[in-house]
Colleague: 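This is the structure I have questions about; it appears just below.
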Amino acid sequence: MDILELIQSNLLTPIVLFFLFGIIAARIKSDLKIPDAISEFLPIYLLAAIGLHGGIEMRNTGFEVMFLPMMVAIGMSLLFTLNHYQILRRLGKFNLFDSYALASTYGAVGAVTFSVGLSFIKNQGVTSEGYLAAILAVLEPVAFILAIFLTNMAVSKQIKTRKQSLGNLESMESDLEMGIKETKTNLKQVLHESITGKAIVILLGSIIIGYIIGEKGFESISIVFEDLFVGAIVIFLIEMGIIAGQRLDDIKKVGPFLIAFSIIMPTFNGVIGVLVASVLGLSLGGSVMFGLLLASASFIAAPAVLRHAIPQAKPSLYITSALGITFPFNIIVLLPIMFMVSTIIHDSATIDLFNYLSKD
Amino acid sequence: MKLYDVKLLTVTCEILAQKNVIDILSKHKITGYTSYEVEGNGARGLRGQGLKNEKNVKVEVIMQEEKLQDVVEEIARTLFTNFAIVLYVTNVGVLRTEKFV
């Protein structure tokens, strides 16, 4: 199957069709809406299901195997965040705050995208490593923490140089200290908020519970957490479609540079992710999911974290680009592309890579 | 029945600024407030649709006039530039002034 066929057949899956349907419903100004309680409940449900599956599989594979991929994922997420910042600041001419906010939005992971990815590879008849759920949990706060740290550093540096140019050395000390102090409290708050935030708590909790109950214990709840999974994503994507549809007009406002950025960067990050994961020895499906982790942008967690930590950044920029452009692009076009790349690598080069690695 | 004059401060803001507002209140030793989710239209467009984080809230606080100035000044200074926020003050009468220090 070539890439266009794969994209075409992906377009005709219920998940993508309902997403597009949601966009249309919003465009014709229908009052269709998923009730608030349900659209707040569904991400929690999806994360619980992802966590349970991850936990059960980790019981079979053990913890050691996930260590290297997790470290690599964290490293790449940090590296990509820095890379995004340079591109946005230098080429895109965004201000410091918007650049860091956008950079971390794109360095962070999207749990909804991850769910869609799981059902996509299931549709293609392959599985992925369970520990990717744990990587999802660990990766969530990483990019934000880096961006917030760097923003605060940059701000206190600005204060310092301004004071120096004024020659006002006495008050310089105190302002610098204030900047550093603010950085510390800010970071502490963000760390605390993201680690105790509902996404990570439910994800880690379900991983642990999945690990404890194993496949046997899961049987009794599998009707909810296995059979309903894809259906639940479909309902959630109606809501996502509606919100994306309402924001379509805003896309014009974000400008051509950011539109291009929100398509090119995920593609670049995702394909690199697939390649690296394949070298690390992840399975065909696992490599796609690893790539998706790096390609996805955060649009549920990002505003909550960034609005507090970098309030100067415009939320309309990072929410619109992540939800209105990158999310549809990821689930419709990029997933099939990454699947194709992963298939080609795993078909042809697995043995060579394995030899190469074992010689090392 | 004697009613005592106090001030009612009403802050309508995006839900993610609510924590900042309440932090400022508690900094001025005001612990009591009432808040509820609202929708509306304003300078930042239609609010209250879509994602939970983009909803608006209304925070109501009753306080004595002496504190009002400082609280309002701090909210204006720290939140007005970056957040969707509107505030106004009304005169209200209460029965038990000791509840609203």
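Every heavy atom of this structure was used, including side-chain atoms; hydrogens, water molecules and symmetry mates were not. Numbered from 1 within each chain, the chains take letters A, B, ... in sequence-line order.
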Colleague: Quick check: does any side chain N or O of A:Thr326 sit under 3.5 Å from a backbone N or O of A:Ser262, one acting as donor and the other as acceptor?
Modeller: yes

Colleague: Please check this pair: side chain of A:Ser30 against backbone of A:Ala26, looking for a donor-acceptor N/O pair closer than 3.5 Å.
Modeller: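 No, because the side chain of A:Ser30 does not come within donor-acceptor range (under 3.5 Å) of the backbone of A:Ala26.
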
Colleague: Would you please name every residue forming a salt bridge (charged side-chain N to carboxylate O under 4.0 Å, His left out) with B:Glu60, sequence neighbours left out?
Modeller: none

Colleague: Provide the full list of ring pair (Phe, Tyr, Trp, His ring centres under 6.0 Å) pairs with a residue in residues 297-332 of chain A, sequence neighbours left out, each pair given once.
Modeller: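 Found A:Phe19-A:Phe327, A:Phe299-A:Phe327.
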
Colleague: Classify the angle between the aromatic ring planes of A:Phe261 and A:His84 as parallel (below 30°), tilted (30 to 60°) or perpendicular (above 60°).
Modeller: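 Ring orientation, 0 to 90° scale: perpendicular.
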
Colleague: Relative to chain B, which segment of A:Ile34 carries a heavy atom at a distance below 4.5 Å: side chain, backbone, both, or neither?
Modeller: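 Neither; nothing under 4.5 Å.
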
Colleague: Is there a donor-acceptor contact under 3.5 Å from the side chain of A:Ser39 to the main chain of A:Asp36?
Modeller: yes

Colleague: What part of A:Gln246 gets within 4.5 angstrom of chain B, counting heavy atoms only: side chain, backbone, both, or neither?
Modeller: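 Just the side chain, heavy atoms under 4.5 Å.
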
Colleague: In residues 1-25 of chain B, which residues are in contact with chain A at a heavy-atom separation under 4.5 Å?
Modeller: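 Residues in range: B:Glu14, B:Leu16, B:Lys19, B:Asn20.
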
Colleague: Partners of B:Lys27 by side chain to side chain donor-acceptor pair (under 3.5 Å), sequence neighbours excluded?
Modeller: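 Expected list: B:Glu74.
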
